[in-house]
Amino acid sequence: MTSLLPPVASSLQDRLRAAQPCLWTHSGRSAAVEAQLSVGTAMVGVQDIQAASQRFARCAGLLATLFPELQASGGVIESPLVPTPALGRALGLAPQAGALWVKCDHSLPVAGSIKARGGIHEVLEFAEGLALQHGLLAPGDDCNALATPAARALFARYQVAVGSTGNLGLSIGVAASSLGFRAAVHMSADAKEWKKERLRRRGVEVVEHTGDYEKAVAAGRAQAATDPFCHFVDDERSLSLLRGYSAAAPALQAQLAQAGVRVDATHPLFVYLPCGVGGAPAGITLGLRQLFGPHVHCFFAEPVQSPCFLVQMLTGPHDHPSVYDWGLTNQTEADGLAVPRASLLAALLMQPLLSGIYTVQDATLLQHLALAHDTAGLRIEPSAAAGFSGPGMLTGTAEGRAWLQAQNLAPHMAQAIHLVWTTGGLLVPDSEYALFLQRGRVPSPAASVPPPQEAPHGNA
Ligand SMILES: Cc1ncc(COP(=O)(O)O)c(C=O)c1O
């Protein structure tokens with residue numbers, strides 16, 4: 001298959017190699033793109049998004065039983081959508097450029113990150129499938145039966161395994177062990193010690209690897225392949241994960257409607273999603289694009305040293321490069337985004353749908369983490385701060401403005417919503433969070449707020 005993407009000017013590639021913030025935009029609408037789009041919707045279509053939402057609904061009672069923190073919500077795992085005008089001003093977003101809102105997945109209960117969505121969905125789907133197979137459940141039944149002694153005895157025969165930089169491991173480990181599965185999490189060297197400790201306290205086996213995320217996933221996958229009683233949650237290839245993430249779209253649609261926020265041709269919605277291997281932001285983008293059509297514009301955000309999705313998009317589907325091939329280190333304070341090579345599945349699905357990708361320096365992540373706290377009371381981890389550079393990249397750079405003009409969006413920016421998806425933070429220990437805050441409050445020449453107005457960052 002040939003690349004659907006236009007040729008890219010070298011200035012973007014130079015900035016990427018030099019680990020400088022940059023913005024790549026994509027405006028594809030062609031026959032090839034439409035064909036690719038139908039491949040994506042065949043894998044995660046409206047009916048799959050609905051099925052994932054229905055699975056969460058069927059399992060709400062079960063989840064409220066398993067996790068006391070879900071009793072207040074009746075087992076619903078959702079996060080608030082909030083307007084953040086003071087943070088918008090602090091980021092330099094002028095009123096005529098739109099309004100800043102935040103989708104607070106940093107506060108998602110149970111796992112404390114966006115990974116709760118996909119991870120818990122896949123564990124529930126696996127458990128439900130086993131229970132159906134063994135006659136413990138009938139199709140469409142409420143899932144309370146998954147917490148009975150008979151179900152627990154069945155699940156104890158199986159292992160659920162995953163490779164992770166940390167947050168997916170937390171989500172899978174906690175969900176699987178709570179149902180009675182044996183759980184194993186293969187952690188990359190980037191994974192934070194407190195995440196490993198938290199899992200061990202839950203009885204989850206933590207397998208430590210000295211290599212990066214990709215090596216941890218490969219090791220976990222290889223070990224699982226030798227055990228017929230092991231279900232491996234494959235962050236690079238899983239459709240169940242993608243479908244779980246996509247269920248965020250109808251929930252957001254309902255929240256926007258309830259808040260009286262319009263999304264249409266003259267009220268564009270820009271969504272900024274932190275990206276690691278690409279599964280979480282891709283699942284959400286698939287959901288949003290099918291619900292809001294061309295009126296939603298999704299941008300992925302990556303650390304300057306780990307822009308694996310951008311590198312994949314620039315290369316096209318005939319190759320699978322890593323950030324090391326580009327002379328980058330994959331070293332970042334954003335542990336959840338420290339991924340050297342993108343998911344090919346996510347990249348394939350995103351080719352026709354993604355509006356752009358930008359990169360962010362660690363100093364900016366920490367500065368935005370502190371601003372989010374100081375102006376909006378949001379307690380997020382560094383990975384989750386990547387979205388906050390998005391409005392500046394789009395409205396304050398030559399490349400961003402050229403793209404807005406080309407899309408005919410420039411006249412509508414005063415009515416635009418910039419929705420930053422904050423993807424993790426709830427469970428970060430206080431001592432670690434205090435250090436992040438301290439570092440983010442120290443003025444840094446590397447991190448400018450807002451980003452430089454005229455830097456020609458892009459591929460124009
Ligand atoms: C806090 C946080 N945000 C975003 C992501 C990105 O998700 P994905 O790796 O599916 O792209 C991760 C991944 O672990 C994460 O931990």
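Numbering of ligands and ligand atoms starts at 1, following listing order. If you read the sequence from its start, that first residue is 1, and numbering goes on from there.
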Donor-acceptor pair, distance only, cut-off 3.5 Å: does the side chain of S178 make one with the backbone of L66?
no
Is any side-chain heavy atom of I284 closer than 4.5 Å to a side-chain heavy atom of I114?
yes
I need the atoms of ligand 1 closer than 4.0 Å to a non-hydrogen atom of C275, numbered in the order shown.
11 (O)
Any N or O of A280 closer than 3.5 Å to N or O of ligand 1:
yes
Mind checking whether H231 and E122 have side chains closer than 4.5 Å, heavy atoms only?
yes
Is the closest heavy-atom distance from P281 to ligand 1 below 4.0 Å?
yes
Using a heavy-atom cut-off of under 4.0 Å, does the side chain or the backbone of L168 touch ligand 1, or both, or neither?
neither
If we only count N/O pairs under 3.5 Å, is N167 in contact with ligand 1?
yes
Distance flag, aromatic centroids of W403 and H297, threshold under 6.0 Å:
yes
Would one find an N or O of P274, backbone or side chain, under 3.5 Å from an N or O of ligand 1?
no
Do R243 and H121 get their side chains close enough for a donor-acceptor pair, meaning under 3.5 Å?
no
Is there a donor-acceptor contact under 3.5 Å from the side chain of N330 to the main chain of V339?
yes
Are D212 and S188 linked by a side-chain donor-acceptor pair shorter than 3.5 Å?
no
Polar-atom distance check: K115 versus ligand 1, any N or O pair below 3.5 Å?
yes
Atoms of ligand 1 close to T423 [distance to a heavy atom under 4.0 angstrom, numbered from 1]
1 (C), 2 (C), 3 (N), 4 (C)
Atom 9 (O) of ligand 1 - nearest protein heavy atom and its distance:
V277 N, 2.9 Å
Do F181 and F126 have their ring centres less than 6.0 Å from each other?
yes
Atoms of ligand 1 under 4.0 Å from any heavy atom of T165, numbered from 1 in the order shown, are 14 (O)
Just distances here: any N/O of G276 and N/O of ligand 1 closer than 3.5 Å?
yes
Which atom of A385 lies closest to which atom of L369, heavy atoms considered
CB-N, 4.0 Å
Heavy-atom pairs closer than 4.0 Å: do any link ligand 1 to the side chain of S164, the backbone, both, or neither?
neither
Under 4.0 Å between a side-chain nitrogen and a carboxylate oxygen: does that hold for K195 and E381?
yes
Proximal ligand 1 atoms for G279, defined as those under 4.0 Å from one of its heavy atoms
8 (P), 10 (O), 11 (O)
So the atoms of ligand 1 within less than 4.0 Å of a heavy atom of G336 turn out to be 12 (C), 13 (C), 14 (O), 15 (C), 16 (O)
In this structure, atom 5 (C) of ligand 1 is nearest to the protein heavy atom L337 CD2, 3.6 Å
